[in-house]
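Okay, so here's the structure we're looking at.
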Protein chains: 2
Amino acid sequence: MSSTADAKLNIKARVSSGPRGLAKHEIVDTAVRLIEEVGEAGFSVRKLGDRVGCDPMAILYHFKNKDGMYRAMADALVAKLSPVGSDQPWQDRLRAHARDHRALALRYPNTFPLLQRFLNTGVADFPHIEMVHRALADAGVPDQEAPAVCLAWYAGVIGLCAAEINGLVRPARASEVAEIEALPAAEFPVLRKLAPSYLALESQAVFEIANELFIRGLCGQPGRSPD
Amino acid sequence: MSSTADAKLNIKARVSSGPRGLAKHEIVDTAVRLIEEVGEAGFSVRKLGDRVGCDPMAILYHFKNKDGMYRAMADALVAKLSPVGSDQPWQDRLRAHARDHRALALRYPNTFPLLQRFLNTGVADFPHIEMVHRALADAGVPDQEAPAVCLAWYAGVIGLCAAEINGLVRPARASEVAEIEALPAAEFPVLRKLAPSYLALESQAVFEIANELFIRGLCGQPGRSPD
DNA sequence: CTGTGCATTTCTACAGTGTAGAAATGGCGG
DNA sequence: CCGCCATTTCTACACTGTAGAAATGCACAG
């Protein structure tokens, strides 16, 4: 019962290996939980192996490499996005989908940034893309522009979420406001005047405003259809 | 004159150390060049030490740690942004600043993503922020909304650039279009119809369209001033 | 000229990483 | 029972960031 004996026993137990159905989606789920606990810097295949209860290399057998595992984690995240009904006006459908992204980002702040690096490959979220395109069509976006607008929308939404996660979107600290107010008045009149209002900044409001701007931009299109 | 003698000489030269003014900005410039050559994954303090010609730890002496060095690299990047004159309409000022970001991103694709992670701390690009706020004021954005709109604008622009760098914004491959066209017609009518136009997608056009949407959104504001 | 302090650079060492390649395991069809 | 083979484990290697101690050489006091 000594600790060394226990260790030996554990090693013995692990030595008896062989196929045991290490399910891919369970690995990925555990990986997402782990990266949320320890951050991306602290996330390693070895720790994941400990958490899953197997050798690290058993995990990498199921993925091409660590990046392949990141891709799978990104896939798992977008799979969590809610479906969006088609019975609302197009503005509300876009709003709902955008807010869904933000909620996901706030819930999985360490996993979400993987979307930016790996969304391009493998993730094909066709139902949601179809929804976005229908909304854009309802908004009067001409077909030839629709792909560009759709991509711009996703890039913008994900970029906003990433900015918030990384702490770019937050109320200013008093010291920062002081720093701005110390700038020469002749060159920075507007910024100095606005500095105090940065103290009360709400990240959600930033997100909402960005959405409204985008939607208003679509409304202001030259040949849009009437609503 | 043998190579071994040269090597020995070099080692001797390196062993005789002491202060020699390792200028911070030179380290950072070299670091940016290096990361552009080898990518972020291949970038290490040791390689940078080789490149600079000093011990790796001599570099980390000037920065808190590797992340501190990344921050300095991000600072160096935003310092490369061009100033924007104030003699154009506000739309053109925003457009110019946005295009400047994109040009920077395309020129330094491996360094630019650092902005997303480290822009929040330390980088205070006050002249440009003043410019953006003046443009927003000219566009009729009320003071209380200006900080949110400004942050949303930056987050959107940087997000767009990041998306393009990471390959999200690119023409579709034929195989991808085929995959979409194989989807059930009943559920994906719009996406299927638009799929072929993804083949001709131009990343610059996506960027321009996103900008125009944002600007049109600002134009469409309730109480905007006349231009 | 001789210390001597000190910012700077170098050296050494350590704990940890991703993953290639070989070996072991154990369920399954013959 | 055997042998196959996907799967898992083990071992090893090159590499990472960086803590901590030692060395270095410049500036300046005496």
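We name chains A, B, ... by the order of the sequence lines, and we start the count at 1 in each one.
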For this session: Take atom CG of A/L48 and atom C1' of C/dG18, then tell me their distance rounded to the nearest Å.
Result: 13 Å

Ignoring hydrogens and angles, write down the donor-acceptor pairs under 3.5 Å from the side chains of residues 30-42 of chain A, residues two or more places apart or on other chains.
from: A/T30; atom 1: OG1; to: A/E26; atom 2: O; distance (Å): 2.7
from: A/E36; atom 1: OE1; to: A/N110; atom 2: N; distance (Å): 3.3
from: A/E36; atom 1: OE2; to: A/N110; atom 2: N; distance (Å): 3.1
from: A/E36; atom 1: OE2; to: A/T111; atom 2: N; distance (Å): 2.8
from: A/E36; atom 1: OE2; to: A/T111; atom 2: OG1; distance (Å): 2.6
from: A/E37; atom 1: OE1; to: A/R51; atom 2: NH2; distance (Å): 3.1
from: A/E37; atom 1: OE2; to: A/R51; atom 2: NH1; distance (Å): 3.2
from: A/E40; atom 1: OE1; to: A/R117; atom 2: NH2; distance (Å): 3.0
from: A/E40; atom 1: OE2; to: A/R117; atom 2: NH2; distance (Å): 2.6

Exercise. Tell me: CE of B/M69 to P of D/dT16, nearest whole Å?
Worked result: 15 Å

Seminar exercise, completed: Quick note, B/N65 side chain, CB onward, closest among D/dT18, D/dT9, D/dT8 is D/dT18

Problem set entry | Integer-rounded Å distance: C/dT17 P and A/I59 CD1 | 12 Å

For this session: Whole angstrom is fine here: how far is it from NZ in B/K24 over to C1' in C/dT9?
Result: 16 Å

For this session: Can you tell me the distance, in whole Å, between the CG atom of B/D67 and the P atom of D/dT16?
Result: 16 Å

Seminar exercise, completed: Heavy-atom nearest nucleotide on DNA chain D taken for A/R46 and for A/A58; more 5' hit belongs to A/A58

For this session: Please work out if B/K47 contacts a base, only the sugar-phosphate, or nothing of the nucleic acid, heavy-atom cut-off 4.0 Å.
Result: sugar-phosphate

Exercise. Of all residues at least two apart in sequence or in a different chain, which pass the side chain to side chain contact (heavy atoms under 4.5 Å, CB included) check with B/Q204?
Worked result: B/R102, B/E208

For this session: Check DNA chain C against residues 36-45 of chain A and give the residues with a non-hydrogen atom under 4.0 Å, in numerical order.
Result: A/S44, A/V45

For this session: Can you tell me the distance, in whole Å, between the NZ atom of A/K66 and the C1' atom of D/dC15?
Result: 14 Å

Exercise. How about B/H133 and B/F126: are their ring centroids closer than 6.0 Å?
Worked result: no

Exercise. Is the distance from OP1 or OP2 of C/dT9 to the nearest side-chain N or O of B/Y61 less than 4.0 Å?
Worked result: no

For this session: Please list all pairs passing the side-chain hydrogen bond (donor to acceptor under 3.5 Å, both in side chains) test where one or both residues lie in residues 56-70 of chain A, with sequence neighbours left out.
Result: A/K66-A/Y70

Exercise. Under the 3.5 angstrom rule, does the side chain of A/H101 hit a backbone N or O of A/V78 as a donor-acceptor pair?
Worked result: no

Problem set entry | Rounded distance in Å - CE (A/M57) to P (D/dA6) | 17 Å

For this session: Rounded off to whole Å, could you give me the CG-to-P distance for the A/L60 and D/dA12 pair?
Result: 19 Å

For this session: Sorted by first residue and then second, give each salt bridge (Lys or Arg N to Asp or Glu O under 4.0 Å) pair with at least one member in residues 148-163 of chain A; sequence neighbours left out.
Result: none

Exercise. With respect to the phosphate group of C/dA7, does any side-chain polar atom (N or O) of B/H62 fall under 4.0 Å of OP1 or OP2?
Worked result: no

Seminar exercise, completed: salt bridge (Lys or Arg N to Asp or Glu O under 4.0 Å) pairs touching residues 178-200 of chain B, sequence neighbours excluded, are A/D143-B/K193

